[in-house]
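Shown next, in structure tokens, is the structure this report addresses.
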Amino acid sequence: MSELPMTDESAGRQAYLAELNEAQLEAVQALDGPVLLLAGAGTGKTRALTTRLAHILATGRVASPGQILAVTFTNKAAREMKNRVAALLGRDSVEGWWLGTFHSQAARILRERAERVGLRRDFTILDADDQLRLLKQLLAAENIDDKKWPARSLMAVIQRWKDRGLTPDRVSADDGAGDLAGGRMLGLFRAYQERLITLNACDFGDLLLHNLTVFQSDPEALADYHRRFRYILVDEYQDTNVAQYLWLRLLAQKHHNICCVGDDDQSIYGWRGAEVGNILRFEKDFPGARVIRLERNYRSTGRILAAASGLIAHNEGRLGKTLWTEDEEGEKIRLLGLWDGEAEARVIGEEIETLQRRDPDLDLNTIAILVRVGSQTREFEERFLTLGLPYRVVGGPRFYERLEVRDALAYLRVVHSTFDDLAFERIVNKPKRGLGDATLQCLHQAARGLGVPLFEAARALLGTAELRPAARRSLAALIEDFERWRDLARTASHVELTETVLEESGYLEMWRNDKTIEAPGRLENLKELVGAVAEFDTLAGFLEHVSLVMEVLEAEGGSMVSVMTLHAAKGLEFDTVFLPGWEEGLFPNQRTLDEGGHRALEEERRLAYVGLTRARKRAIISFAANRRMYGSWMSTIPSRFVEELPADQVEVESDQGLYGSTFSGLGGRSHGGEFGGGQWVGARASPGFARARERRQAVPFIEVEAREVHTLPGGTVAVGARVFHRKFGYGAVRQVEGEKLTIAFDKAGEKKVMASFVVPAAEAS
DNA sequence: ACCGAAAAAGTTTTT
DNA sequence: CTTTTTCGGT
């Protein structure tokens with residue numbers, strides 16, 4: 001950008017402004033005072049936001065980029081914004097700017113002000129697992145029956161309080177505590193908070209909560225941040241909770257230069273404390289606010305937009321927007337009615353192959369399958385594996401949540417902080433050192449008596465006769481190890497430290513000696529962890545990253561279909577979107593409905609809206625008549641959302657004579673409506689089903705050709721054989737069930753694959 | 001203290 | 001159905 005401050009007029013001639021439409025331009029140029037940008041799906045929201053940020057800099061309104069605070073909701077959105085801002089400004093990085101998730105920015109502030117809330121600067125951020133273990137300990141100490149009051153649900157209560165910006169002393173008596181945990185819920189909350197301070201730790205909610213305490217109890221500190229942040233940008237405002245809202249309001253109350261971007265129709269995090277009310281109330285909260293609507297959609301065809309708009313119109317209490325597009329009408333939304341989840345996965349696989357046949361250069365990255373719950377991804381994985389169709393599951397099991405990685409991190413945490421009892425407990429007997437329950441109980445007692453962390457208590461106990469000689473010797477060795485590692489931390493690089501700790505602790509050795517098939521994969525993960533450590537300047541920096549960003553960036557892996565939850569898909573777009581599992585109970589989700597009633601139903605509907613509006617060219621919705629849940633079969637009926645779609649935008653293709661009057665509003669093109677009187681009945685033997693089968697088989701299968709190419713020479717498949725798979729690499733055959741092999745892959749873990757997709761290991765090289 | 005078997009629980013969604 | 005937790009025997 002230019003060195004010289006520009007007036008709005010000269011900046012108006014900047015190239016980056018020329019590409020904006022009228023509403024976007026208004027959003028970019030209305031720099032001063034509060035602005036609410038109501039941006040519908042696909043209306044160029046991120047472009048407006050990033051350009052606005054560039055424009056603040058270009059017009060010389062701030063002396064340095066550090067005077068702009070820009071917050072997003074997810075790490076993914078933060079990354080996207082960083083990249084786009086950098087690209088727009090022609091820089092290679094925006095490192096050090098105040099641009100990130102609410103939680104990461106709040107953590108940064110809290111590091112500067114930790115003492116104010118009784119924490120040390122090097123406090124640890126606990127993950128969900130640690131939180132739960134901590135609460136369980138408290139339940140045990142307070143003699144609260146965790147059968148009757150599961151720690152998980154009590155934890156949720158605490159989290160909801162924190163989401164609302166409430167500390168224990170601010171929770172009012174009538175505030176939901178009721179008879180929870182035998183009426184001792186509030187006391188439990190207080191004990192939990194006290195324990196966190198003792199541990200020099202905080203949880204996710206505390207990052208925001210402690211910030212609020214700092215701002216409210218220390219006017220000097222708040223004034224300092226007012227001096228620092230002259231402009232505030234907020235993405236996905238509809239997803240903010242009360243604590244985040246208060247945080248923003250405190251930070252913006254001096255300059256009022258706050259711009260919130262959001263779409264009330266895409267609010268899908270109510271279950272996590274998000275308040276749609278924040279966005280609905282904006283004009284009241286920030287007097288004189290300008291409201292700008294972005295309504296021109298650049299993403300989807302007319303039909304997709306019409307279907308999505310028709311669906312979301314069933315919600316009440318919307319701010320209301322009219323999305324429009326100059327794009328063509330496009331294809332109708334297709335609705336597939338199928339027998340069960342397996343058939344659904346098979347048909348979607350076939351649809352993708354049809355698309356591939358139609359366009360041999362098709363980039364699979366333009367295709368996504370968006371599901372309601374993570375467990376739905378399995379059926380697709382299994383099917384795509386047999387088809388040899390490349391896919392990626394976005395947001396699947398996370399690297400930092402794996403057992404071995406968490407153990408390794410616990411070692412590092414203990415090295416880094418003597419206060420981290422949770423980490424200490426986790427690794428004290430891993431590998432086995434003969435320090436079991438009895439020893440640990442003794443340690444806890446001593447720690448409580450002396451008022452010191454477990455690590456210190458351990459040191460103190462060594463001088464007494466309380467422990468049995470064997471345990472004492474073992475514990476002494478461990479303490480000595482940690483002291484040596486802490487010395488090493490001062491001199492050696494943190495990579496070297498990590499390697500040394502893992503090696504000398506015997507942790508690596510433990511996995512090397514482990515004969516289970518997971519062991520090699522776990523060692524591989526530990527190696528990867530060391531690689532991740534190497535990317536950070538300091539151990540503290542690495543640990544902070546791990547706790548705030550649980551995910552690991554996956555390498556771009558070429559052309560692959562994406563499978564992910566609807567939540568994970570927000571903000572993304574694809575040419576073709578498959579939306580399976582539109583069944584009552586699954587979507588809308590029964591559990592959600594039970595908890596949240598009508599409010600929750602509307603949120604589910606918004607989730608459907610989000611799913612549909614991810615599609616650029618085509619959307620294919622499907623539902624199954626039968627679905628397996630924890631091993632038992634459930635018969636299901638189509639989601640009410642199916643009926644809420646405008647009939648003239650939808651084409652129904654139900655193969656099975658299972659399509660009935662329940663959603664006659666759609667005017668069917670059923671292939672077998674005469675069976676079962678249009679009810680969801682049917683058996684595998686029914687004529688409708690048999691006919692559906694026939695019809696299926698008439699479609700040529702691509703995998704037939706593939707199978708001939710890859711077939712393993714007959715008879716060579718045996719348990720124990722080494723094989724190679726083009727996606728998972730090398731592995732050993734564990735089990736053979738006809739054509740289905742269970743293979744323990746060296747890197748990918750255990751998978752079921754068809755014999756036709758592996759070759760003997762020797763031949764592959 | 002440790003190991004295995006048996007029982008129970010769990011599936012929303014994420015920082 | 002899978003994964004985690006609990007229990008009882010050594």
Side-chain angles (χ1 to χ4, degrees), chain A residues 71-78 100-107 125-129 131-133 136 146-147 150-153 156 159 162-163 202-209 236 239-241 243-244 267-274 341 370-379 382 394-398 400-401 403 428-441 468 470-471 474 518 544-551 564-570 581 585-596 600 603-604 606-607 610-611 627-634 750:
Chain A
V71 283
T72 65
F73 204 61
T74 64
N75 288 303
K76 194 159 65 181
T101 61
F102 274 99
H103 290 91
S104 68
Q105 302 313 292
I125 302 167
L126 300 188
D127 61 29
D129 222 65
Q131 289 177 50
L132 212 55
R133 279 196 303 144
K136 277 181 186 163
D146 64 345
K147 288 278 188 301
R152 234 177 109 70
S153 53
Q159 268 163 1
K162 292 188 175 185
D163 288 340
C202 69
D203 65 18
F204 268 97
D206 283 337
L207 292 173
L208 269 303
L209 206 57
E236 308 282 14
D239 288 329
T240 51
N241 59 34
Q244 288 161 334
S267 166
I268 55 174
Y269 285 102
W271 52 274
R272 210 175 72 182
L370 308 182
V371 296
R372 177 62 181 85
V373 298
S375 54
Q376 280 174 272
T377 59
R378 270 178 79 144
E379 273 159 338
E382 278 172 20
V394 178
R398 304 191 207 184
Y400 292 120
E401 277 172 3
L403 172 109
V428 71
N429 203 27
K430 260 184 217 178
K432 302 267 180 284
R433 298 188 176 90
L435 302 171
D437 280 352
T439 313
L440 205 59
Q441 222 150 27
R468 301 162 108 193
S474 183
E518 294 97 34
E544 175 102 346
H545 168 83
V546 170
S547 39
L548 290 172
V549 186
M550 292 297 276
E551 65 196 311
M564 68 185 97
T565 64
L566 287 158
H567 285 88
K570 194 164 75 158
L586 180 60
F587 189 34
N589 189 269
Q590 191 56 50
R591 224 185 123 133
T592 306
L593 258 37
D594 290 345
E595 274 166 35
E603 182 155 311
E604 293 285 297
R606 290 193 291 268
L607 203 47
V610 167
R627 204 168 278 278
R628 196 163 48 189
M629 288 183 110
Y630 331 103
S632 61
W633 285 93
M634 301 264 296
E750 193 173 305

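Every chain is numbered from 1 and lettered A, B, ... according to where its sequence line falls, protein lines coming before strand lines.
- Protein atom CE of M634(A) is 16 Å distant from nucleotide atom P of dC1(C), rounded to whole Å.
- Taking atom CG of residue L208(A) and atom P of nucleotide dT15(B), one finds them 14 Å apart after rounding to whole Å.
- Using C1' as the reference atom, dT5(C) and dT12(B) are 22 Å apart when rounded to the nearest Å.
- Side-chain contact between T592(A) and E604(A) is present, with heavy atoms from C-beta onward closer than 4.5 Å.
- Between A438(A) and H567(A), the residue anchored nearer the 5' end of DNA chain B, judged by the nucleotide with its closest heavy atom, is A438(A).
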Within the sub-3.5 Å range, which N or O atoms of nucleotides 6-10 of chain B have a protein N or O partner, and how far apart are they?
none

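- Considering only the side chain of T439(A), dA1(B) comes nearest among dT12(B), dC3(B), dA1(B).
- Looking at L126(A) and C202(A), their side chains never come closer than 4.5 Å, going by heavy atoms from C-beta outward.
- Here dG8(C) presents its P atom at 15 Å from CG of D437(A), a figure rounded to the nearest Å.
- Distance, R627(A) CZ to dT11(B) C1': 13 Å, rounded to whole Å.
- Ion pair D203(A)/K162(A) flagged as a salt bridge, since at least one NZ, NE, NH1 or NH2 atom sits closer than 4.0 Å to an Asp/Glu carboxylate oxygen.
- Picking from dT15(B), dC2(B), dT13(B) the nucleotide with the shortest atom distance to the side chain of R272(A) gives dT15(B).
- L440(A) has its side chain out of reach of L435(A): every pair of non-hydrogen atoms, C-beta onward, lies at least 4.5 Å apart.
- Taking NE2 of H545(A) as the start and CD1 of I125(A) as the end, the distance is 12.0 Å to the nearest 0.5 Å.
- Between L435(A) and Q159(A), the one whose closest nucleotide on DNA chain B sits nearer the 5' end is L435(A).
- With hydrogens and angles ignored, a donor-acceptor pair closer than 3.5 Å exists between the side chain of T592(A) and the base of dT12(B).
- Atom NE2 in H545(A) sits about 12 Å away from atom P in dT15(B), given to the nearest Å.
- Aromatic stacking is marked for W271(A) over dT13(B), as both cut-offs hold: 5.5 Å for the centres and 30° for the planes.
- Heavy atoms of T565(A) sit under 4.0 angstrom from primed sugar atoms or phosphate atoms, though from no base atom.
- Among the duplex regions that DNA chain B forms, those built from at least three successive Watson-Crick or G-U pairs under 3.5 Å are B:1-10 with C:1-10, ordered by first number.
- Counting non-hydrogen atoms under 4.0 angstrom, A128(A) reaches nothing in the nucleic acid.
- Using a 4.0 Å heavy-atom criterion, one finds that F102(A) contacts no nucleic acid atom at all.
- A salt bridge links R627(A) with E379(A); the closest basic N to acidic carboxylate O contact falls under 4.0 Å.
- Under the 4.5 Å side-chain criterion, counting only non-hydrogen atoms from C-beta, R372(A) is not in contact with T565(A).
- Here S104(A) lies out of heavy-atom contact (under 4.0 Å) with every strand.
- Taking 4.5 Å as the limit, every side-chain heavy atom of E595(A) sits out of range of all side-chain heavy atoms of W271(A).
- Residue R628(A) is classed as having no contact, given no heavy-atom separation below 4.0 Å to the nucleic acid.
- Across all strands, E595(A) comes closer than 4.0 Å to base atoms (heavy-atom distances).
- The residue G205(A) sits apart from the nucleic acid: no heavy atom pair falls under 4.0 Å.
- As rounded to whole Å, 15 Å separates atom P of dT14(B) from atom CG of D163(A).
- Note: CG (L403(A)) to P (dT3(C)) measures 13 Å, nearest angstrom.
- The closest side-chain donor-acceptor pair between Q590(A) and D594(A) falls under 3.5 angstrom.
- When the side-chain nitrogen and oxygen atoms of N429(A) are compared with OP1 and OP2 of dC2(B), one or more of them lie within a distance under 4.0 Å.
- Within the 4.5 Å cutoff, side-chain heavy atoms of N75(A) are placed close to those of T101(A).
- For V373(A), the listed nucleotide lying nearest its side chain is dT12(B); candidates were dT12(B), dT15(B), dA1(B).
- Computed from coordinates, the D129(A) CG to dT14(B) P distance equals 17 Å when rounded to whole Å.
- With values rounded to the nearest 0.5 angstrom, D127(A) atom CG is found 8.0 Å from F204(A) atom CZ.
- Listed nucleotides: dC3(B), dA1(B), dT14(B). Nearest to the side chain of A568(A): dT14(B).
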